[in-house]
There are 2 protein chains.
Amino acid sequence: MVYMVTHGTACLYKMLTDGRRQVVGFALPGDFLGSPFSDRYPCSVYAINEVTVRQLLRGPFLTFLRAHPKSLSLMLEAALQEKTAAHDHMLLLGRGTAEEKFAEFIISWRARAGRRGALANLVPLPMSRRDVADFLGLTIETVSRVVTKLERENVLRVTPEGLQLMGSTERPLLFERSYKVT
Amino acid sequence: MVYMVTHGTACLYKMLTDGRRQVVGFALPGDFLGSPFSDRYPCSVYAINEVTVRQLLRGPFLTFLRAHPKSLSLMLEAALQEKTAAHDHMLLLGRGTAEEKFAEFIISWRARAGRRGALANLVPLPMSRRDVADFLGLTIETVSRVVTKLERENVLRVTPEGLQLMGSTERPLLFERSYKVT
DNA sequence: CGAATCGTTGAAAGCAGTCAACTAGGGTGG
DNA sequence: CCACCCTAGTTGACTGCTTTCAACGATTCG
């Protein structure tokens, strides 16, 4: 079974028997959950806020895709992009410091979530600290400490509506990247 | 431009300006490098051993895919699988200990590399310690220490041909997983 | 009000990182 | 043939960032 998110935000995660959890991503409207090729779910999902999905039966969906190569092509393009995004996040998880992880998360979340309208400086954070921590491979305490530190440095401000990024955000990104393509 | 690996093993990685590196995967024969939809390379590549590839021009390849939905479908299936693999690795990077990271790596590398024939207990490791370390988000020193520890515990033996896994490998995997699918 | 959940803060511990010394092979050139 | 160098890998001592453990504050809800 495949689902397509139509409204809301979902959290995708994997969990170990001892409770350790890794959030692998967040699904926004337009994103697909599951694969039309397998009846195993690649990971667990839970709704962060009110979420609605469109259910797609595996068989009929496959038939549809075979009949509409254009859609198939779009799905492949999206899947490849998501693979690249996953690789980017690996870099963060494997090599980033706590502060870099959080900064990069805010920047990219702002770009994704605030797609309606220009990049706002008020970034809504519908997910809990635990979700953020598990996404970044940190503990909630460490996330809290990083937020406090950035707040003290006037990089951002915590409001009930989300994180208010200060102007200084455009300055040297904490987590610069430059790919040497060989 | 897209390439398909036909022989050998390649290493895919991303790197930061300060030299920190994350290996995002290893490409074996049959794997594709790059995307037919974008002319940006998603990551850097280097050949671990003698590698041959088949070069596919983006335009003609796209035309071919449009004319052969079956191939398109196979590429989508592969891309979705790789996305799942990337997510699995995120769990390892974000939540695994050094020992769990290495153990899981050996197990899954054996499954992939030793596909010809049954799962051998002699696992060849064509890549360097640095590649392994950068794949697991560790330092070469830590990898070395883990190997030494596992060798002392008679879990494996280091030989010039690769890692010799002892029988005890079938026992409780060091990194058990169990997905609570909601 | 009490209970529960979520988040913050502080102190201490621990796992992996850093720095450095050392070993082992492999290639080169005198 | 062997001294030399260079690279890959190992090992040890120490440091440090993040985790762990614990207490506290804020908010919501019955």
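Here is the naming used below: chain letters follow the sequence lines, and residue numbers restart at 1 for every chain. Small disclaimer: the values here were computed from a predicted structure and weren't measured.
- For A:R95 and D:dC17, the CZ to P distance is 16 Å, given to the nearest whole Å.
- Between B:K149 and B:E153 there is a salt bridge, since at least one side-chain N of the basic residue sits less than 4.0 Å from a carboxylate O of the acidic one.
- At whole-Å resolution of the value, CD in A:E100 and P in D:dC17 are 12 Å apart.
- Atom CG of B:D134 and atom P of C:dG17 are 11 Å apart (whole Å).
- Between A:S144 and C:dG7, a side-chain N or O to OP1/OP2 separation shorter than 4.0 Å is absent.
- One atom, CG of B:L93, and another, C1' of C:dA16, lie 14 Å apart when rounded to the nearest Å.
- B:T159 and B:E161 form a side-chain donor-acceptor contact under 3.5 Å, judged by distance and modelled atom types alone.
- For D:dG12, the base has a donor-acceptor partner in the side chain of B:R145 [N/O atoms by modelled type, under 3.5 angstrom].
- For the pair B:L138/B:F102, no side-chain contact is recorded, criterion being any heavy-atom separation below 4.5 Å from C-beta on.
- Here the nucleotide nearest the side chain of B:E141, chosen from C:dT18, C:dG7, D:dG9, is C:dT18.
- Applying the 4.0 Å criterion to OP1 and OP2 of C:dT9, one finds that A:T148 has a side-chain N or O inside that range.
- The distance from atom NZ of A:K149 to atom P of D:dC17 is 11 Å, rounded to the nearest whole Å.
- Taking the side chain as every heavy atom from C-beta outward, B:V2 and B:R54 never approach each other to under 4.5 Å.
- Put simply, CE on A:M127 is 16 Å from C1' on C:dG7, counting in whole angstrom units.
- Comparing D:dT18, C:dT18, C:dA16 by their nearest atom to the side chain of B:T142 picks out C:dA16.
- When distances are taken from the side chain of A:L138 to each of C:dA16, D:dT18, D:dT20, the shortest belongs to D:dT18.
- D:dA23 atom P lies 16 Å from atom CD1 of A:I140, rounded to whole Å.
- For B:R58, there are no salt bridge (Lys or Arg N to Asp or Glu O under 4.0 Å) partners two or more places apart in sequence or in a different chain.
- Under 3.5 Å, the side chain of A:E99 and the base of D:dC17 form no donor-acceptor pair of N or O atoms.
- The distance from atom CG of A:D131 to atom P of C:dC6 is 10 Å, rounded to the nearest whole Å.
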